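The structure under discussion appears below in the form of structure tokens.
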Amino acid sequence: MMQTGQDDLSSAGRNIKHPTQEIKTPQKRRLWWLWYLLGLSALSALGLLAFVWWACRDLPDLSKIQNYQPWGITRIFDRDGHVVAEFADQRRTPILYKEMPRHLVDAIVAAEDADFFKHKGLDYLGILRAFWKNLWRKRGAPKQGGSTITQQVVKTFLLTPDQFYTRKIREAVLARQLEQNLKKEEILYLYLNQIDFGRNCHGVEEAARYYFGKSARQLNLSESAILAGIPKNPERYNPARSIRLTRRRRRYVLRMLLRNNKIDLETFDKTNSSEILPPPPPKAPPLQEDYYTDEVRRRALQRLQAKLVDTIKDPETRKQRARDLFYRGALRIETPLDTKLQQRTQRLLTQHLQHLRPTAKSKFFFEDKNTPTTAPKKPILEIKPTLPEKSDSPYKPPLQGAVILLEPHTRLVRALVGGRDFRTAPFNRATQARRPPGSAFKPILYTAAIESRQYTAASLVNDAYFAVIRDGKRWVPQNNSRRYSNQQVRLREALAQSLNTVAVRVIDALTPNRVIETAQRLGIQAPLEPRLPLALGASAVQPLALTNAYATFAAQGVFDDPAMIERILDAQGKTIFQRLPNPRGVISPAVAYIMTSMLEDVVKIGTARAALQLKRPIAGKTGTTNQNRDAWFIGYTPQMCAGIWIGFDKRHTIGDFGTGSRAALPLFIKMFSTPPLQQEPIQPFPVSEDLLFANIDPKSGNLAQPHRPFLREAFLPGTQPRRYASFGNVLNPDDFFRNP
């Protein structure tokens with residue numbers, strides 16, 4: 001009992017407070033908590049302000065928006081002013097706000113930000129609603145944005161689309177600033193020209209053209225509601241993908257218009273019940289995927305880089321800036337392209353290559369639809385039967401080709417085809433490839449010979465077996481026929497018959513370096529090896545450059561660079577580049593005419609005799625390389641110069657019949673025997689006044705005796721023969737050589 005009492009006393013003693021100890025009443029407790037919460041709130045507010053200050057310490061300048069330069073589409077125009085190709089990172093065609101239909105503006109505002117004309121840049125209830133939904137959203141579900149149109153403009157132009165709170169704070173501050181600096185209509189102008197509608201369409205104008213084939217100015221209410229519903233999810237509500245989802249989304253937009261008193265109930269019912277048709281496939285420009293327009297793209301980028309050399313020193317930065325300007329700058333590129341001629345040239349080349357088909361004996365025949373089926377077919381190409389075959393081609397990869405058509409006197413490239421199909425093989429063989437020209441190089445050799453005054457078109461050179469020994473190596477030039485006439489042959493006849501022995505003797509007398517210098521003056525910048533096989537076209541050249549060299553003959557010795565771009569203008573119409581013709585005489589008109597006259601004989605009596613059926617003045621030369629890997633024909637009339645190359649990318653042999661006259665010349669004939677080239681007026685080649693003409697003996701090249709057979713030949717003054725041919729004897733050919 002005593003023990004228990006003591007415990008009670010101890011317990012009671014512990015509960016007795018010291019006289020100096022303060023007893024907290026409920027009122028004081030509440031006051032203490034109030035001060036605690038106020039302090040915590042103040043600290044939180046200071047922390048929030050510090051965070052906002054930190055987030056907004058380097059806000060971007062609004063001048064980027066105020067000086068809005070929308071990305072646009074760079075368009076390429078042909079000679080008639082028609083758009084033939086378009087290039088853009090984002091397809092966008094800006095349209096003024098006042099040109100947009102009112103129901104289109106109302107529909108997009110109702111779908112994206114119904115209170116746009118009421119708030120000052122921020123929708124606070126929308127922000128809280130989005131915050132609450134994001135707080136309780138399921139894992140993997142998309143975040144709610146809650147952004148106004150003004151905020152979306154800020155995000156698109158000045159910020160990144162990342163969903164971070166720092167970005168949202170910056171976005172809110174900038175949205176308020178933007179509302180203070182721009183009118184609502186100006187903000188809508190930015191938004192409606194920038195918004196993404198899917199399928200690489202940005203802005204209402206380009207979206208209207210893509211989905212409805214019309215301008216945004218012409219959209220009706222139903223089309224406007226459909227368009228307004230797309231930005232929510234361009235892939236989901238795309239009318240090209242799902243009519244059902246598009247109809248549901250249109251109904252939502254119309255309900256929002258009805259709720260905001262923009263339409264009445266009758267209009268809602270009528271529009272909501274209207275049919276939605278799948279959008280027609282957009283009509284691409286005629287040469288969107290084409291060798292010519294792609295080459296224009298490459299050259300335009302080079303021109304833009306050259307324009308930036310003085311302002312941007314770093315090559316990579318300059319390259320990127322030129323690319324941005326091309327794909328975003330809404331440039332207008334004007335070209336000399338003839339669209340119909342380009343399309344026809346591409347079609348003829350493709351058909352020509354497809355018509356070269358193998359038979360059971362592994363021979364190719366050119367199938368002419370105009371030839372009766374009972375007529376015997378003559379082989380044009382022959383290949384080895386061990387090579388693989390394809391359904392429309394004997395090889396994998398298939399036989400390829402290149403065609404260039406340019407005007408000699410203007411050097412405007414009217415058509416350029418770099419292969420059988422750009423979509424499957426975009427490599428441009430007309431401008432990006434270098435191939436050995438074979439005998440097509442001989443006119444350049446003979447130009448150097450005529451200029452040297454050591455030779456004339458009537459000079460005699462021996463066509464006979466001989467061997468060349470250089471650096472301990474022995475080389476025997478051979479003609480294509482593997483035969484020699486063992487006679488003196490005039491230079492004109494040697495070119496017409498494409499005699500290799502004569503060409504090698506001539507370059508040996510001139511030296512290869514002299515021929516290279518002539519080739520460079522004619523625009524061939526490819527590296528040429530200073531060896532005797534150069535005379536036979538052993539060094540590779542660009543097809544466009546070689547064709548342009550022939551055009552110099554047709555232009556009476558005047559050279560200029562081939563032109564595929566005439567002018568480049570920026571989005572404001574200011575000229576960035578203007579082609580300035582730079583014609584310059586690189587060979588005399590007299591030499592040019594002699595070469596044209598000699599090349600006419602290639603058609604009249606030489607390897608290109610098949611072109612006589614065109615019944616018009618034509619000068620040209622065939623070319624064939626070793627093992628028939630490359631077949632060429634480059635020919636011209638007074639109005640047009642055409643270069644044709646046929647071969648394989650990997651330099652397979654075409655076959656025993658794969659010569660220039662069998663593989664390339666038929667395409668030239670087809671091109672010039674049908675419109676539009678067939679409709680060119682028939683004109684003779686102009687004759688230079690700085691020439692002397694003389695009647696020469698066909699065998700000796702000397703002056704012809706009266707009343708004897710003769711040929712009319714052109715000579716540079718001072719190189720004409722001085723002696724008459726003797727009866728029964730041929731004079732020494734040294735009598736006809738002239739010293740330089």
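Keep in mind the model is a prediction, meaning the values are calculated, not measured.
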**OP:** May I have the step-by-step check of side-chain contact (heavy atoms from CB on, under 4.5 Å) for Leu491 and Thr456, ending in yes or no?
**Re:** CA-CA 7 Å; Leu491 217 61; Thr456 71; over 6 Å; no
Subject >> Residue Gln613 excluded, over 12 heavy atoms near CD under 6.0 Å >> reply: yes
Subject >> Partners meeting ring pair (Phe, Tyr, Trp, His ring centres under 6.0 Å) with Phe633 (sequence neighbours left out) >> reply: Phe668
Subject >> Residues forming a ring pair (Phe, Tyr, Trp, His ring centres under 6.0 Å) with Phe685, sequence neighbours excluded >> reply: Tyr636
**OP:** Answer whether the closest heavy-atom distance between the side chains of Leu544 and Pro562 falls below 4.5 Å.
**Re:** yes
Original post:
Quick check: does any side chain N or O of Gln705 sit under 3.5 Å from a backbone N or O of Ala725, one acting as donor and the other as acceptor?
Top reply: yes
**OP:** Mind checking the CG-CD spacing from Asp338 to Gln343? Nearest 0.5 Å is all I need.
**Re:** 9.5 Å
**OP:** Please report the shortest heavy-atom distance between Val504 and Ile507, naming the atom on each side.
**Re:** O-CG2, 3.3 Å
Subject >> Whether Gln497 side chain and Glu493 backbone form a donor-acceptor pair below 3.5 Å >> reply: no
Subject >> Residues which pass ring pair (Phe, Tyr, Trp, His ring centres under 6.0 Å) with Phe559, listed by chain and number, not counting sequence neighbours >> reply: none
Original post:
Would you call Leu528 and Val515 a side-chain contact if the rule is heavy atoms closer than 4.5 Å?
Top reply: no
Subject >> Donor-acceptor contact below 3.5 Å, side chain His352 vs main chain Ala663 >> reply: yes
Original post:
Can you tell me how far OG1 of Thr625 sits from CG of Leu536, rounded to the nearest 0.5 angstrom?
Top reply: 11.5 Å
Subject >> Any pair counted as salt bridge (Lys or Arg N to Asp or Glu O under 4.0 Å), so long as it reaches residues 518-539, sequence neighbours left out >> reply: Glu451-Arg521, Glu517-Arg521, Glu529-Arg531
**OP:** Indicate yes or no: at least one non-hydrogen side-chain atom of Ser452 is less than 4.5 angstrom from one of Arg514.
**Re:** yes
Original post:
Considering residues at least two apart in sequence or located in another chain, which fulfil the side chain to side chain donor-acceptor pair (under 3.5 Å) criterion with Ser539?
Top reply: none
Original post:
Hey, mind stepping through Met564 and Thr335 against side-chain contact (heavy atoms from CB on, under 4.5 Å) and telling me if it holds?
Top reply: CA-CA 6 Å; Met564 299 183 69; Thr335 73; 6.0 Å; no
**OP:** Can you tell me which residue pairs pass the salt bridge (Lys or Arg N to Asp or Glu O under 4.0 Å) test with a partner in residues 533-551, sequence neighbours excluded?
**Re:** none
Subject >> Nearest heavy atoms of Thr547 and Ala642, plus distance in Å >> reply: CG2-C, 4.0 Å
Subject >> Criterion side chain to side chain donor-acceptor pair (under 3.5 Å) on Gln342 and Asp290, from CA distance to verdict >> reply: CA-CA 9 Å; Gln342 173 72 11; Asp290 182 81; 2.9 Å; yes
Original post:
Can you name the side chain to side chain contact (heavy atoms under 4.5 Å, CB included) partners of Ala538, sequence neighbours left out?
Top reply: Pro533
Could you pull out all donor-acceptor pairs under 3.5 Å where a side-chain atom in residues 439-446 meets a protein atom, sequence neighbours excluded?
unit_1	atom_1	unit_2	atom_2	d
Ser439	OG	Lys442	NZ	3.2
Ser439	OG	Ser498	OG	2.9
Lys442	NZ	Ser498	O	3.2
Lys442	NZ	Ser498	OG	3.0
Lys442	NZ	Asn500	OD1	2.6

**OP:** To the nearest 0.5 Å, tell me how far Leu337 CG sits from Ile565 CD1.
**Re:** 11.5 Å
Original post:
Taking the side chain from Arg505 and the backbone from Asn462, do they hold a donor-acceptor pair closer than 3.5 Å?
Top reply: yes
Subject >> Test side chain to side chain donor-acceptor pair (under 3.5 Å) applied to Gln627 - qualifying residues, sequence neighbours left out >> reply: Arg629
Original post:
Do Phe672 and Thr637 have side chains that get closer than 4.5 Å, going by heavy atoms?
Top reply: yes
**OP:** State, with a plain yes or no, whether a side-chain heavy atom of Thr431 is found less than 4.5 Å away from one of Tyr291.
**Re:** no
**OP:** Quick one: closest heavy-atom pair of Ile450 and Ile594, and the distance?
**Re:** CG2-CD1, 4.1 Å
Subject >> CA sep, side-chain torsions, deciding dist, call: Leu711, Arg490, side-chain contact (heavy atoms from CB on, under 4.5 Å) >> reply: CA-CA 12 Å; Leu711 296 175; Arg490 287 179 293 113; 3.3 Å; yes
Original post:
Is there side-chain contact between Arg651 and Pro436, with at least one heavy-atom pair below 4.5 Å?
Top reply: yes
Original post:
Hey, is the main chain of Ala496 close enough, under 3.5 Å, to the side chain of Asp601 for a donor-acceptor pair?
Top reply: no
Original post:
Are Ile682 and Pro617 close enough that some pair of their side-chain heavy atoms sits under 4.5 Å apart?
Top reply: yes
Original post:
Ala545 and Gly523: which non-hydrogen atoms are nearest, and at how many Å?
Top reply: CB-O, 4.0 Å
Original post:
Hey, is the main chain of Leu412 close enough, under 3.5 Å, to the side chain of Arg414 for a donor-acceptor pair?
Top reply: no
**OP:** Can you run down the ring-ring contact (aromatic ring centres under 6.0 Å, His included) pairs that involve residues 462-509, sequence neighbours left out, and say none if there aren't any?
**Re:** none
Original post:
Can you check whether Leu405 reaches Thr345 side chain to side chain, under 4.5 Å on heavy atoms?
Top reply: yes
Subject >> Thr622 to Ser661 - nearest heavy-atom pair and separation >> reply: CG2-N, 3.8 Å
**OP:** Could you grab the distance from atom CD1 of Ile634 to atom SG of Cys641, nearest 0.5 Å is fine?
**Re:** 7.0 Å
**OP:** Kindly determine whether Thr350 and Gln346 satisfy side chain to side chain donor-acceptor pair (under 3.5 Å), including the steps that lead there.
**Re:** CA-CA 6 Å; Thr350 303; Gln346 177 69 75; 3.2 Å; yes
Original post:
Taking NZ, NE, NH1 and NH2 as the nitrogens, is one of them in Arg579 or Asp560 under 4.0 Å from a carboxylate oxygen of the other?
Top reply: yes
Original post:
Quick one: side chain to side chain donor-acceptor pair (under 3.5 Å) pairs with a partner in residues 580-593, sequence neighbours left out?
Top reply: none
Original post:
What salt bridge (Lys or Arg N to Asp or Glu O under 4.0 Å) pairs are there with at least one residue in residues 544-553, not counting sequence neighbours?
Top reply: none
Original post:
Does Gln478 reach the main-chain N or O of Thr501 with its side chain, forming a donor-acceptor pair under 3.5 Å?
Top reply: no
Subject >> Any donor-acceptor pair under 3.5 Å from Arg79 side chain to Thr339 backbone >> reply: no
Original post:
Between Thr659 (side chain) and Thr624 (backbone), is there a donor-acceptor pair under 3.5 Å?
Top reply: no
**OP:** List the atom of Pro437, the atom of Gly537, and the distance in Å for their closest heavy-atom pair.
**Re:** CD-O, 3.3 Å
Original post:
Gln639 side chain to Pro681 main-chain N or O, any donor-acceptor pair under 3.5 Å?
Top reply: yes
Original post:
Would Arg492 and Glu713 pass as an ion pair if we require N to O under 4.0 Å?
Top reply: yes
**OP:** Evaluate side-chain contact (heavy atoms from CB on, under 4.5 Å) for Ile696 paired with Phe715, printing each intermediate quantity in order.
**Re:** CA-CA 11 Å; Ile696 65 166; Phe715 297 91; 3.8 Å; yes
Subject >> side chain to side chain donor-acceptor pair (under 3.5 Å) between Arg411 and Thr552, intermediate numbers included >> reply: CA-CA 9 Å; Arg411 300 307 166 93; Thr552 303; 3.2 Å; yes
